[in-house]
Each structure stands twice: as structure tokens, then as C-alpha cells.
Protein chains: 2
Amino acid sequence: MKTLRADALRSRERIVRAAEAAFRRHGVDASLEAIAKDAGVGSATLHRHFRSRRELVEAVFQDSTGAVAAEASRLAAEHPPGPALFHWLQAVLDHTLANRGLATTLVPAADEHHGGFCGHDALEAAVAPLLVAAKGAGQVRADVTVGEVLSLVNAISLLADHDPGADPERLLGLAITGFGPRQCEQH
Amino acid sequence: MKTLRADALRSRERIVRAAEAAFRRHGVDASLEAIAKDAGVGSATLHRHFRSRRELVEAVFQDSTGAVAAEASRLAAEHPPGPALFHWLQAVLDHTLANRGLATTLVPAADEHHGGFCGHDALEAAVAPLLVAAKGAGQVRADVTVGEVLSLVNAISLLADHDPGADPERLLGLAITGFGPRQCEQH
DNA sequence: CGTCTAAATGGGGGGTGCCCCCGTTTGTCG
DNA sequence: CGACAAACGGGGGCACCCCCCATTTAGACG
């Protein structure tokens with residue numbers, strides 16, 4: 001990214017802050033125009049900085065998502081491989097549950113990579129070492145990929161967004177241990 | 001439901017047919033105004049018959065969802081308990097995958113029951129006997145509920161709606177068998 | 001410190017969709 | 001056949017998104 005002009009940087013910062021507040025209050029579907037007004041900028045400015053709602057959401061949650069990703073190495077140090085992975089997946093789930101609507105942006109971007117921060121990629125990179133360690137310890141089936149594990153967590157987050165009655169942590173537990181018969185091809 | 005006037009019934013029918021076509025072409029987010037125009041009715045008429053988009057979606061998919069629900073008893077007759085359940089869950093998944101966006105309406109209605117057909121309830125009723133049979137055969141953990149099983153399928157459907165790159169059938173397989181360690185408290 | 005240029009801005013218009021009001025039409029039943 | 005309630009639909013109000021383009025301003029350079 002080439003250097004932004006000082007005023008542009010300031011605008012961007014105010015937009016992100018306003019968006020953060022609006023998302024907290026109204027969810028990620030908050031009106032972009034209202035966010036622009038709160039930030040004291042014109043709506044055109046908002047659209048110039050963030051070409052899509054998704055880009056804005058990702059900017060707002062970049063820090064917290066990064067923190068969750070960083071949590072992975074801490075857990076790896078403090079727990080054996082299996083529990084480290086499962087606790088981290090819980091942490092990812094908690095993170096999305098705490099921010100209704102966030103889940104939709106942690107799904108791989110359908111369109112393209114705009115070069116900026118991508119929450120999904122950050123989480124994928126973070127989980128990779130946990131997963132190989134857990135596989136090494138025989139705690140996870142060898143044929144499961146990083147993407148699949150994250151997809152299951154995302155799926156549950158999406159459901160929780162739509163159905164307040166669901167118990168996401170319970171569902172994650174079910175998905176991890178399975179509710180049907182274990183295939184007997186285990187090592 | 002009290003008897004509708006003849007013209008009202010005709011309007012309703014035309015709206016549902018137009019909506020069916022529009023949903024197929026543009027997804028369930030198709031413009032309601034366009035649907036009304038296609039149906040040859042005013043938008044007010046559409047809104048009088050279907051107070052929300054969700055109601056319309058449910059009316060459009062009532063038949064196909066009912067068919068999937070009916071499939072349950074056929075599978076129960078032709079397969080042993082475990083496979084019957086798992087094949088049916090696959091069928092539910094296929095049904096939602098075939099109609100992008102349908103998944104959001106198969107989630108329990110957040111607001112209320114308007115007395116009409118509710119796809120989620122129909123599926124829940126259909127899966128119940130399959131689940132008890134599978135539990136009886138020791139093919140499914142005893143502590144799993146009907147709602148939880150359907151929630152997992154719905155979760156995967158929702159994810160597939162957002163992420164075309166995901167492999168929903170694979171994820172369902174993972175959720176059924178689990179990717180982590182089996183809890184050893186099995187009977 | 002003045003000048004100049006490209007970057008940045010924002011007001012506002014165009015387009016779309018949702019929802020509902022209310023005057024008009026049309027079934028239906030006595 | 002007449003009357004009344006049910007159903008209709010055009011169109012207005014509102015909110016949103018997105019972008020055009022005239023205007024302002026940062027900051028590099030002499």
C-alpha cells in the first residue's frame with residue numbers, strides 16, 4: 001500500500017471507529033450512510049476507502065481477529081495438542097458469537113483478494129500448526145484439512161446468527177466428537 | 001384458515017408461481033416488486049398475502065420441503081436405522097443446496113408462528129422417528145436431540161450458501177463421524 | 001514561504017426496493 | 001339484484017447504495 005495522505009488516513013480512522021460503534025449497536029448490516037455521517041465524512045468518502053461492506057467489516061474486526069489468531073500459539077504452549085486445538089476452536093467460535101454477523105466475513109471471500117487483511121486467511125494460518133500437532137498426537141483424523149475445520153466452526157457461527165435458540169458450543173462439541181458411529185479406520 | 005375469496009386465492013397462486021421462477025433465477029433475494037409485477041398484481045397485494053419475504057419463501061418451498069420430509073419414512077423402510085438417518089440428512093442437505101438461500105428459512109423462525117406451514121417443523125417431525133431408531137440400534141449417541149441434528153445440517157447449508165468453495169457433503173460426513181477423539185463414554 | 005498539482009473530499013442525484021395508505025373494484029350472500 | 005365486506009393496486013414516503021464532479025487541501029519543490 002502506498003502512503004496515504006494525512007487527511008485520508010484520518011478519515012479512514014474515523015470511519016472505522018464509527019463503524020465499530022454502529023456494528024455494535026445495529027449489527028454488521030448497519031447503514032453505511034449513517035456510519036459516514038457519524039464519522040463526519042460524506043458517503044462518497046466511505047465508499048472510496050471501502051469498496052464494499054465486507055471490506056469495512058474486515059477493517060473493523062482486523063484487530064480482534066488478529067488477537068484470536070495470536071491466541072493459537074499461546075494455547076499451543078500451555079496445552080497438549082488435542083485440547084489446544086479444541087480450546088482454540090472454542091475461542092474462534094466465541095469471537096464470532098460476540099459480534100453478530102462477523103461470521104459472514106470470515107468465510108473465504110467469494111470475489112477476490114483486495115490485497116488487504118483477510119480474517120479467514122489469518123485464522124487458517126493460525127490453526128495450521130495446532131492441527132498438525134493434534135494429528136501427530138493421534139487426536140484428530142489425518143484426512144481432515146485446515147479449511148474443513150474452520151468451515152465447520154464458521155458454519156456453526158452462521159447458524160447461531162440466524163437462530164438465537166441454538167447452542168453453538170454444544171454443536172461444536174458434537175461436530176468434534178461426532179454423533180454417529182466412528183469409522184473404524186482409525187490408525 | 002378461513003376460506004379465501006376466489007380472486008384472492010387466484011392472486012396468491014400467481015404470486016407463488018412468479019416467486020418460484022424469480023427465486024430460481026435470482027435467488028431468494030429477488031425483488032418482491034418484480035415478483036408482484038410478473039404475477040400481474042400490485043405490490044400491496046403481495047404484501048397482504050405474505051407479510052414477510054420469509055413467508056413467501058416458505059410457501060414456495062412448501063411442496064418440495066414436504067417431499068423431503070416424506071422421504072424419511074421411505075428411507076426408514078428400505079435401510080437399517082443408521083444408514084436411513086444419514087441418507088436422509090444427505091437428502092435434506094441436497095434439497096437446501098439445490099435452492100440457494102432456502103437454508104435461512106429452514107432455521108426456526110425468530111419471530112413467531114404465523115399458523116402456516118413451517119419447513120423447519122416439518123423436517124423436525126420427519127427426522128424424529130429416524131433418530132430414535134438409530135439410537136436404538138446404537139448408531140447415534142443417546143444424548144443428541146432432533147434439533148441438534150437438524151441444526152448441524154442447517155449450519156452446513158448456510159455455510160455452503162456463503163462459500164461456494166466448501167464441500168458440504170464432506171462436512172456433513174465429518175460432523176457425523178467427528179474429526180476429533182471419540183468420547184469413551186459410549187454405552 | 002508561495003505555488004502548483006494530484007489526491008481527497010462531500011453534496012446531492014439516480015436508481016432500487018420495501019412498505020403501506022386509501023380510493024376503487026369485485027366476489028359473495030341474503 | 002343489491003349491498004357490504006373483502007380484495008385490489010397505483011403511487012407516495014422512506015431508506016439505502018453507489019457514483020459523478022465541482023471544490024478543497026495536503027504537501028512537494030523551488
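Chain letters run A, B, ... following the sequence lines, proteins first and then strands; every chain starts at 1. It should be emphasised that the depicted structure is a prediction, and the values quoted were computed from it without experimental measurement.
- Put simply, the side chain of B:Asp94 reaches to within 4.5 Å of the side chain of B:Glu169, judged on heavy atoms.
- Residues A:Phe86 and B:Pro181 have side chains in contact (heavy-atom distance under 4.5 Å, counting atoms from C-beta outward).
- Atom CG of A:Leu9 and atom C1' of D:dA26 are 13 Å apart (whole Å).
- Of the side-chain N and O atoms in A:Ser11, one or more sit less than 4.0 angstrom from OP1 or OP2 of C:dT9.
- Remark: B:Ser43, B:Ala44, B:His47 in residues 39-47 of chain B come within less than 4.0 Å of DNA chain C through at least one heavy atom.
- A salt bridge is absent between A:Asp143 and A:Lys135: the closest approach of a Lys/Arg side-chain nitrogen to an acidic carboxylate oxygen does not fall below 4.0 angstrom.
- For D:dC17, the OP1/OP2 oxygens have a side-chain nitrogen or oxygen of A:Arg53 closer than 4.0 Å.
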Next item on the list: Could you encode protein contacts along nucleotides 25-30 of chain C as a string, one character per nucleotide from 5' to 3', using B for base contact, S for sugar-phosphate-only contact and - for no contact, with a heavy-atom cut-off of under 4.0 Å?
Entry: -BSS--
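- For B:Asp161 (side chain) and B:Arg100 (main-chain N/O), no donor-acceptor pair under 3.5 Å exists by modelled atom type.
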Note to self: I'd like to know whether A:Arg17 forms a salt bridge (charged side-chain N to carboxylate O under 4.0 Å, His left out) with A:Glu20, so could you lay out the CA-CA distance, the side-chain angles of the two residues, the decisive distance to 0.1 Å, and finally the verdict.
What the structure shows: CA-CA 5 Å; A:Arg17 251 198 303 275; A:Glu20 193 174 348; over 6 Å; no
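- Nearest heavy atom pair, residue B:Ala166 against residue B:Leu171, reads CB-CD1, 4.4 Å.
- Using a 4.5 Å cut-off on side-chain heavy atoms (C-beta onward), A:Phe61 and A:Asn99 make contact.
- A donor-acceptor contact under 3.5 angstrom links the side chains of A:Thr177 and B:Arg141, judged on distance only.
- B:Arg10 is listed as a side-chain neighbour of B:Asp7, based on a closest heavy-atom distance under 4.5 Å.
- A:Leu130 has its side chain out of reach of A:Pro81: every pair of non-hydrogen atoms, C-beta onward, lies at least 4.5 Å apart.
- Side-chain contact, B:His95 with B:Ser64: a donor N or O sits under 3.5 Å from an acceptor N or O.
- DNA chain C is contacted by no residue of residues 12-38 of chain A, taking any non-hydrogen atom closer than 4.0 Å.
- Distance CD (A:Glu55) to C1' (D:dC18): 14 Å, rounded to an integer number of Å.
- Checking the phosphate oxygens (OP1, OP2) of C:dT9, a side-chain nitrogen or oxygen of A:His49 falls inside 4.0 Å.
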